[in-house]
Structure formats: structure tokens, C-alpha cells
Amino acid sequence: MTENISTTIKTMGFCGPCSASEPAEVDVMDGRIVRIRPFDYQARGAEGGKEPLVRWAIKARGREFKAAEKSEITPFALATKHRVYSPNRILYPMRRVDWDPNGERNAQNRGKSKYVRITWDEATQLIADEIRRVHEQYGVNSIFVQSDGHHQVKTLHGPRGCEGALLDVLGGYCLQARNPDSWEGWYWGAKHIWGCDPVGEGDQQNLFLDVARHADTVLFWGCDVVTTPWGWGGHFPSRYCFFLRDIGVRQIYVCPDVNYGAAVHADKWIPVLPNTDAALQLAIAHTWIKEGTYDKEYLETHSVGFDWFEYHVMGGDDGIEKTPEWAEGICGVPARIIKALARSWAKQNVSIAHSNGGSYIRSTYSHEPARMEVALLGMQGLGAPGRNQLKMMEYQLFSLPQQTPIPRSKFIPNLFAVLLPYAADTRDSLVPETLVPEALAGDYSHENPLTWYGCTVAGVPVEDQFRKMQYPAEGSERIHMVWIDSPKWTSSWNGGYKFIEALHSDLIECVVAQHIWMEDDCLLADIILPVNTKFEERDINCDIMSGNYNTLVLEEQSIEPLGESKSDWECAVAVAEKLGVVDELTEGKSLDDKMRIGFESSGVQDYLSFDEFLEKKSFIVPPAEGWENDPAGFFGFYTDPQKHPLTTPSGLIEYYSSRLAEKFPDDKERMPYPRWIEKGETHPDERLTTPRAEKYPFLLVSNHPHWRLHSQLDDCAWFREIKTCKVAGPDGYAYEPVWINPVDAGKLGLASGDIVRIYNDRGWTMGGVYVTERIRPRTVLQDHGARMDPIELGVSDRGGTNNLIAPKAIASKNCAGEVTSGYLVGIEKVDVFELAKQYPEAFSRPYDPETGPLHIVDAWLEDGEEVR
Ligand SMILES: Nc1nc2c(c(=O)[nH]1)N[C@H]1C(S)=C(S)[C@@H](COP(=O)(O)OP(=O)(O)OC[C@H]3O[C@@H](n4cnc5c(=O)[nH]c(N)nc54)[C@H](O)[C@@H]3O)O[C@H]1N2
Ligand SMILES: Nc1nc2c(c(=O)[nH]1)N[C@H]1C(S)=C(S)[C@@H](COP(=O)(O)OP(=O)(O)OC[C@H]3O[C@@H](n4cnc5c(=O)[nH]c(N)nc54)[C@H](O)[C@@H]3O)O[C@H]1N2
Ligand SMILES: [Mo]
């Protein structure tokens, strides 16, 4: 290293508070980040460097899979240095030109009018005055806090509740409850058949070893082991799948597309139509029942209510026998393939792998396929060696040992509960994320409330789903002010155009956003505060999701804050100053005090003093001794269900949930046993079988983006030049790709490189065509999260932000889950030059081919001086 280079360690990953992945080393020269590179586990050693680090290994079938020597950081981690210096960085506080707290507020102009630069003093005074005014006029619950987005992993400084903590000092607020969006189907469905709080996915302990030793086949069902581990982890899961290939474990991919994992690892691809998995699953069950190839004895001792499921499979309740031929007409998988899959499954040890599951657990009636998967696993003896549900990322998210398919560590460092108690909030005054547009714009009062079930917060026990909730909370007024950090309603949530409509309502008098980049919902705010990246902050974080090791890291500040940016926490403190409540907010603790408190509860304190940790800057936690002997997955339940019961009321697999029957006797959309739901009151027409499909003949698959983390990283030049990341339009604009099968492309006269409109009755967005066999017919694929670039705000968009046209409705009647994929759209070719004539303003906005739309340059000072 040359002398003028300084190196700091930063955990990577974008999940959010505390739960980081793979650490990286960040080299800074002359105050600028020049390089991000892997962290060297081997060189750092165990016990804070006191001992050499022994790499753990899975030994199976004569081979070894070892923990990495260096962290396996992702392209996201490498490229994030570009984002620090993005031309879209917000560097100063800003106010919307025509938002005047003492005069006209012009809500209808949110997203249209420009900004003026203001000082921190002005900005914090404006916010403090608005808080006081709203409190006096309406009460504390009329301020709404959105603070739940994913973000750069930060603990002391991050978003996740800073402004909420401040408002709590002043008496409370209304919370946007973070939906279990990652797990909707598991949460609303699977929990009722096998328990498995907190999110409804199966027990994981030691499954990497179990699969390697015992599985013949792994079904990667709605799973991309290359793409999604990039968000939270690294390359570890994909490397493990290469190992599975080496030891002869067959890998079958069930998904509408040849995703990036399938392209590298699949022995076979079974292309299913989006969100029709329940039909495919029923036909597998049908084959087993017909041929008597399922484990009847196991079901007798390990389950209740199988008769009900069997009755449905055989058509007893609805007159339709769920034969492979029936399923073929719905899910598009040929009957012979369904039978072959069912027969080989019945003969082998089969595990099912997910990251979280894809569209079918985030679409209409997502609870059905999720609990049906458990129904199938149960029929083949869930928990027997090689027969479990395996997670390919997100290890230990809730710091629970049962979420650890990798070798169990000595301990799981957890700063979360100690340092961010407010981040897992379930107060009564809340609105689930999926109902926010409704709540913001609707005519609701506590006498005439909006109602739903459950606080819907990810990670709460299943009983919560039976709690009736209302907005506004008892005795409260409706929402009149909104404060958002991690703002992405438009790009990552459902019914995006409805959000925009809601924020155009005069009822919403003030919108404050704090953000690093000028994008997403910032475009709709009245006051904007500039936030740092993690490289500009000093923090403590723990990697618990890489797969290799758990690591606690002291993250020294790498560079000075850019412009006048502050951390999310400092933003809250700055407003607290104006309100005279700093001591109440900080509880008299400095950030160093908090860091020490976090350290003292991390587990690491038993091996190292705080001062030693400050010196060593990292602590790698090796696996616990004897981890190889930990029982895998549901093995305990398999061997003795009485001694190791599930957390369902009966302790067994509940093919019939008496609890659902009792609590929701009239719910035809989520009945006590898993069923095929073609349509219902909540979603009468989102299937290819509905007449509406004549107008919108494709099911949209909207995966987690390969080249982004939701809405984040869309402006990285390194990615945008890659052909599968953006499609270059004839006008020089990089459009978000849309995959279409050659058969459909032929019918529509589309060729790769054409630019299209993607539409339905909720509005339209755009995309650049990629004609490929990698997507099955009658389906088009466009990842979610591309940054909104409005054409006519609230109606049309150039950015490829397809969530703007996702259904606003929830998963089903009593489940406030999101529906963001597997819904109907049409697509048609457009002439971009004609569109440019029609919408001259939108098509002539500042644009940088390397980074995309430049919203910040679009924001001017009143006197004409640019903000930057
Ligand atoms: N690169 C990257 N990584 C991420 C994220 C990101 O945005 N980008 N986000 C993170 C987050 S928050 C989460 S929750 C996880 C998400 O993890 P997942 O839920 O696993 O991710 P998805 O991309 O939604 O879906 C995975 C695969 O499911 C398949 N699929 C889509 N629809 C269907 C369907 O209807 N049926 C079947 N059988 N298969 C289908 C597709 O092949 C897709 O690639 O990823 C995390 N990691
Ligand atoms: N079509 C479709 N839609 C989906 C899904 C899908 O499969 N398909 N999946 C859903 C899932 S599982 C998820 S988790 C959600 C993701 O939704 P969100 O978790 O809400 O994720 P992001 O889009 O990453 O939004 C985070 C925002 O926070 C900002 N941010 C990053 N770091 C910081 C910081 O330090 N401070 C502040 N103040 N802001 C920061 C980012 O730039 C971004 O604007 O999307 C859901 N939407
Ligand atoms: Mo997620």
C-alpha cells in the first residue's frame, strides 16, 4: 500500500439495520474512494487475530466444500463506490418552490414543480414548525412515518426509525408497518400449515450439510441462486451449487424464466406460467394419490386434516379432479412432465430451495402455493434426511439459530434489539404498507375507519393475523403530514400511480423526505434533507448473512460527508434541537456510548475487550464445535413429532387449519385447507383465463433485479453498459429490458432493441425488448425497481418502473399482502421519436447516458442557479 492510501472496513449488503453481509476493505486516496476489495478472513485470524482461523468444511460424498479465504463480495459492493459520487447525490436541504407553509401548499404540484436550496437552519425550523402545528391542530397520530425500506447497512446512523424515535419523544405518530413483503405467501399461508414463525419459512439448521449428504435432487422453485444472494450475501450460495453439481446432486429449476442461477446451474428447467404453481402442485399431489406413492404412515403420525386436501385434489369440493391434464391448461407445464416430476420425486430424497420464492409468493392469493408446498413436503416425509426446505440467502436475519443452514456459529452477534428497539415496532397507530395510498387519500376517520387484520409487520407471531386493526386508530385523526426516509413507494410497492394520486391530495399538507439520492419518492416531497452514504459515517455492524462467517466490524469513517449531508440519525437530532428535545432523544448517550453498549451485548465481549476491538476493528466468529452433529431442518419433528412439535395448535402439519376455520369462517379466498383459487372478490380478473386477458394478454414477471437492489444502484455506469441491464434505444436513452419469447415477439412484430409500452388499465411504463427463449410464452419479464422517469405524472413513465401499474389490491380478503408480480399487462411497439414530439418536456429532461435521468440537475434555485 502506498502511504497516502487509508483503508477502512465496511460491511456490505443492503438489507438494512445491523444485518450486513460480507465485509469489504475500502481504500481511500486523497479523500476519495478508489477501490473496494474483499476482506481477508484468513489474514485477520480468529478471536480478533489471537488464533489462526480454521476454515470450516462440509464433507460429503468424498469431497469438501470450504468457507472462503476472503469475503465473496458482489458486483453491488464493488460498484457502490460510484454511487457515492453520483450526479444524483442530494448535497443540500431543499424546499419545493411552490410549497408555502404560510400560504399555498400546491399539493397537486408534487412531482412537477422544482426546488430551491435552503439552509439546514431553515429546513429544520420548517419541519419543527410543521410538527408543532400538526400536533396542535390534529394530534400526534396525524404524522405518518415511512421508515422501513432496505438501505445501506447502518446501525447507529441508519434510517429505520430515527424520525419515529424523535416523534415518540413528542408523544407518538402513525407508523407505516413494514409488510412481510419478502415472504407474503409463507407468512399468510404456510404459517397456518406448519407454524414456523417468524416468517413462515421452514427450519434451516444445518441444511447445507444435510442436502450435500442426503439429497438426490433439489428443486429450485422460484429461486435464483446467482441474483438474489447478491443483495444480502455474496457468491457463497452459487459456489455451494457448483459443489452440489460436483457431488452429483441434481438441480431442477421451476420458474417462468431461465434466471441467472438456472443459466449456470440447472440440469433441467420446468417453465411454469407465473403464479400458477398451485395448479402444478395439485397435479403432483394427484399423481401421488392416484399411484399411492406418498408416505401415508408419516401423515398419520405427523399431520391432521389430510382428508380435506385429498378431497380437494380429487375434486370432491369443486367437481374438478386436479389431474396433470387439468393443470397443464393452467400452468402451461405439459402433463407428461408433471407426471415425470411427481414420479421421480416420490422415489428420491428431494429438498426444495428458495431465496424467498419469487412471484408466486408475492402475487394474488400467494398463501395457496406457499402452504401447498408444505402439503407436498409433508406427503413425502418432511424432515427425513434430504427432505426439507432450504434457504439460499438471508441466513440468521432474525438472529435465530433455526435460520442457519450454514454451520452454527459460536454465537450470532445481534446489535439490533439493543440499539434499534424501535425498528421492530408494532404500535396500534399504523397502516400496512399495501394500504397506504388508500389511507392517505381516503375519507377515513376513527368513526369511519379503514380496517384489516394484523399489524402485518414481518417477524411477529401468527396470532397477530387474527387481530382486527383500524386506521385512524381509536381516538385519532387522519394523517396530514408524512415524513419518509428510504423512500420508494413508487418503485418498489404496489399500485404506484395510486401513491402519487394520494400525495396530490390537499389532505396531505407536508411531505418531508430524507435521502441520499434525488430519486423515487423524493421527487414528490416538499422538504428534502441530504443524507450520507455509509462511507461517510463511523458505525458498528455485524455480518450475519454472508454464509462464510459471522463478523463484527468497527466501521471507521472512510471519507468526509459530501456537501452538507448528514446521517439519518443526525437529521433527527437536528430537528430535535429546534424542538428542544435533544437530550430526550439521545437519552444522554453519545454515539460512542451506544457503540460500546452494542458491543457489550454482541457476544464478542466474552473474547475481546471493547478497547481491543477498537484496535483490531473486526472479530470473526468461527462455527461452534460439533456443529456437524446438529440435527438438520425438521429432523427432530420427523423422528418424534410429540417431542419436537411444530408451532401449530396441534403441533402437527395442519392440512386443515381449524384456527382459520374458526377465525375466518366466511373467507372463500383463504379457506382452512390449501386450494386452487382461480379468481375471487379481491382479484376477479388477473389470470390468463379471464376475458380481460384479451386486452392484456401477458402475465408480467417482475423479479428482484439482477443489476440492482430494488430501486438502488440503477444509476451505476458499470452496470448500465451491460446488455442485460439496459437496452439502448434509438434516442440514446437506456430503457429497462423486457424479455419476450420469440413466439410472442413474432406475433407482435417485435425484435430485440425495439422500444415498447407496457400497459394495463392502471397506466403504462416502457421497456426495451430482448427476444429470448429464456422466457416462456404468454409471459413477459421486467425486473422491478427501475427509477421512475415520469412522462405524464401518475399515468405514464419512461423509466420502466412497472410497479406503477401493479394492482393496488391486497393478496386476498383478510391478508394485506402485496401483489407486485404475476398480473396482466399488454405490450406494444412505440416510436420514441413520435413520443418525444407528443411529450416534449418529459423527453428532453437532463439525461446522462452513463447514469440515467438526472433529477438533481432538474431542480433549480429560484434565481436560476443550479443546486449543485
Ligand atoms: N440482486 C438482488 N438481490 C436481492 C434483491 C434485489 O432486489 N436484487 N432483493 C432482496 C430481497 S428484499 C428479497 S425478498 C430477495 C427475494 O428473493 P426471491 O423472492 O427468491 O426473488 P425473486 O427475484 O422475486 O424470485 C426468484 C425467482 O423466482 C422465479 N419466479 C418468478 N415468478 C415465479 C412464479 O410465479 N413461479 C415460480 N415457480 N417461479 C417464479 C424467477 O425465476 C425468479 O428469478 O432477494 C434479495 N436479494
Ligand atoms: N415488482 C416487484 N415489486 C416488489 C417485489 C417483487 O418481487 N416484485 N419485492 C418486494 C420486496 S421483497 C421488497 S423487500 C421491496 C423493497 O422495497 P424497499 O425495501 O422499500 O427497497 P428499496 O427500493 O431498496 O428502497 C430503499 C430506499 O432507501 C434508500 N436508501 C438507501 N440507503 C439509505 C440510507 O442510508 N438512508 C436513507 N434515508 N435512505 C436510504 C434507497 O436509495 C431507496 O430509495 O420491494 C417489493 N416490491
Ligand atoms: Mo424483500
Side-chain angles (χ1 to χ4, degrees), residues 13-16 74-76 83 146-154 157-160 162 178-184 220-233 253-262 270-277 280 331 354-363 366 369 392-394 433 458 484-489 491-494 513-517 519-522 529 531-534 537 567-568 571 699-714 779 781-785 787 802-803 806 818-823:
F14 299 81
C15 185
T74 68
F76 293 174
R83 287 217 85 198
Q146 184 281 91
S147 185
D148 56 69
H150 291 298
H151 54 85
Q152 300 198 332
V153 173
K154 300 174 170 183
H157 286 283
R160 281 284 162 131
C162 296
R178 175 61 176 214
N179 262 77
D181 57 343
S182 311
W183 312 283
E184 303 285 9
F220 292 83
W221 202 308
C223 181
D224 181 343
V225 299
V226 169
T227 295
T228 49
W230 283 6
W232 294 175
Y253 274 68
V254 185
C255 37
D257 54 323
V258 177
N259 63 36
Y260 292 81
I270 298 182
V272 63
L273 277 165
N275 195 30
T276 61
D277 299 76
L280 171 59
C331 71
H354 300 295
S355 286
N356 276 325
S359 286
Y360 78 97
I361 62 103
R362 255 172 250 117
S363 193
S366 52
M392 300 308 292
M393 51 150 231
E394 213 166 64
E433 184 132 17
I484 46 183
D485 60 37
S486 50
K488 41 61 244 187
W489 280 323
S491 48
S492 287
W493 287 86
N494 53 340
Q514 55 189 63
H515 198 18
I516 309 175
W517 300 280
E519 58 191 22
D520 302 333
D521 309 337
C522 276
L529 301 178
V531 172
N532 299 330
T533 65
K534 68 179 289 169
E537 296 163 0
S567 76
D568 286 284
C571 291
L699 284 171
L700 176 73
V701 172
S702 182
N703 291 338
H704 285 232
H706 186 66
W707 297 113
R708 279 190 301 274
L709 190 287
H710 310 297
S711 62
Q712 303 184 58
L713 300 158
D714 196 28
T779 303
L781 179 149
Q782 186 180 54
D783 288 348
H784 81 270
R787 282 172 302 163
N802 51 60
N803 278 35
E818 72 169 36
V819 176
T820 47
S821 192
Y823 58 87

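Order of appearance sets the numbers: ligands from 1, and atoms from 1 within every ligand. The structure displayed is predicted, hence computed values, not measured ones.
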Contacting atoms of ligand 1, where contact means under 4.0 angstrom from a heavy atom of [X]:
{"X": "L709", "value": "4 (C), 5 (C), 6 (C), 7 (O), 8 (N), 9 (N)"}
{"X": "G358", "value": "18 (P), 19 (O), 20 (O), 22 (P), 24 (O), 25 (O), 26 (C), 28 (O)"}
{"X": "F76", "value": "1 (N), 2 (C)"}
{"X": "T227", "value": "1 (N), 2 (C), 3 (N)"}
{"X": "D224", "value": "44 (O)"}
{"X": "N275", "value": "34 (C), 35 (O)"}
{"X": "W221", "value": "38 (N)"}
{"X": "G357", "value": "18 (P), 19 (O), 20 (O)"}

Provide, to 0.1 Å, the distance between [atom] and the closest protein heavy atom, together with that atom's residue and name.
{"atom": "atom 44 (O) of ligand 2", "value": "D520 OD2, 2.9 Å"}
{"atom": "atom 30 (N) of ligand 2", "value": "H515 CE1, 3.7 Å"}
{"atom": "atom 11 (C) of ligand 2", "value": "D181 OD2, 3.1 Å"}
{"atom": "atom 3 (N) of ligand 2", "value": "N803 ND2, 3.0 Å"}
{"atom": "atom 18 (P) of ligand 1", "value": "N356 N, 3.5 Å"}
{"atom": "atom 37 (C) of ligand 1", "value": "D277 OD2, 3.4 Å"}
{"atom": "atom 29 (C) of ligand 1", "value": "G222 CA, 3.6 Å"}
{"atom": "atom 10 (C) of ligand 2", "value": "E818 OE2, 3.2 Å"}
{"atom": "atom 35 (O) of ligand 2", "value": "K154 NZ, 2.7 Å"}
{"atom": "atom 2 (C) of ligand 1", "value": "P705 O, 3.3 Å"}
{"atom": "atom 4 (C) of ligand 1", "value": "T228 O, 3.4 Å"}
{"atom": "atom 20 (O) of ligand 2", "value": "K488 CD, 2.4 Å"}
{"atom": "atom 17 (O) of ligand 2", "value": "S492 CB, 3.3 Å"}
{"atom": "atom 42 (O) of ligand 1", "value": "D257 OD1, 2.5 Å"}

Item to check | Step-by-step side-chain hydrogen bond (donor to acceptor under 3.5 Å, both in side chains) determination, Q782 to N802 | outcome: CA-CA 8 Å; Q782 186 180 54; N802 51 60; 3.0 Å; yes

Checklist entry - Are D568 and H157 close enough that some pair of their side-chain heavy atoms sits under 4.5 Å apart? => result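 No, too far: nothing below the 4.5 Å cut-off.
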
May I ask which of [options] has a heavy atom nearer to [atom] than the others do?
{"atom": "atom 13 (C) of ligand 1", "options": "H710, H704, H784", "result": "H704"}
{"atom": "atom 8 (N) of ligand 1", "options": "Q712, R708, M392, H706", "result": "R708"}
{"atom": "atom 15 (C) of ligand 1", "options": "H354, M393, E184, R362", "result": "M393"}
{"atom": "atom 32 (N) of ligand 2", "options": "H151, R178, H150", "result": "H151"}

Checklist entry - Does H157 have a non-hydrogen atom less than 4.0 Å from ligand 2? => result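 No; H157 lies far enough from ligand 2 that no heavy-atom distance drops under 4.0 Å.
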
Checklist entry - Quick one: does P159 get a heavy atom under 4.0 Å from ligand 2? => result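 It does, in that a heavy atom of P159 comes within the 4.0 Å cut-off of ligand 2.
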
Pairing donors with acceptors under 3.5 angstrom, does anything connect the side chains of [X] and [Y]?
{"X": "R362", "Y": "H784", "value": "no"}
{"X": "S147", "Y": "D485", "value": "yes"}
{"X": "E433", "Y": "W493", "value": "yes"}
{"X": "D224", "Y": "N703", "value": "no"}

Contact partition for [X] relative to ligand 1, non-hydrogen atoms under 4.0 Å:
{"X": "T276", "answer": "neither"}
{"X": "C223", "answer": "backbone"}
{"X": "N259", "answer": "side chain"}

Side chain, backbone, both or neither: [X] near ligand 2, heavy atoms under 4.0 Å:
{"X": "N703", "result": "neither"}
{"X": "K534", "result": "neither"}
{"X": "F14", "result": "neither"}

Sub-4.0 Å atoms of ligand 2 with respect to non-hydrogen atoms of [X]:
{"X": "D568", "result": "34 (C), 35 (O), 36 (N), 37 (C), 38 (N)"}
{"X": "I516", "result": "32 (N), 33 (C), 34 (C), 35 (O)"}
{"X": "W517", "result": "42 (O)"}
{"X": "E519", "result": "42 (O)"}
{"X": "D485", "result": "38 (N)"}

Item to check | Close N or O approach (V254, ligand 1; < 3.5 Å) | outcome: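 N/O-N/O distance below 3.5 Å exists for this pair.
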
Next on the checklist: Can you tell me if P256 contacts ligand 1 (heavy atom of the residue under 4.0 Å from the ligand)?
Outcome noted: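 Yes.
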
Item to check | contact_flag G822 ligand 1 heavy-atom lt 4.0 Å | outcome: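 For ligand 1, residue contact (heavy atoms, under 4.0 Å) with G822 is absent.
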
Just say parallel, tilted or perpendicular for the rings of [X] and [Y], cut-offs at 30° and 60°.
{"X": "Y253", "Y": "F220", "answer": "parallel"}
{"X": "F14", "Y": "F76", "answer": "perpendicular"}
{"X": "W707", "Y": "Y260", "answer": "perpendicular"}

Item to check | Salt bridge present between D714 and R83 (N-O < 4.0 angstrom) | outcome: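 Salt bridge: no.
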
Next on the checklist: Pair H150, W232 - check ring pair (Phe, Tyr, Trp, His ring centres under 6.0 Å), show working.
Outcome noted: CA-CA 10 Å; H150 291 298; W232 294 175; 4.6 Å; yes

Item to check | Heavy-atom pair of closest approach, residues M392 and C223 | outcome: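 Result for this residue pair: CG-SG, 3.9 Å.
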
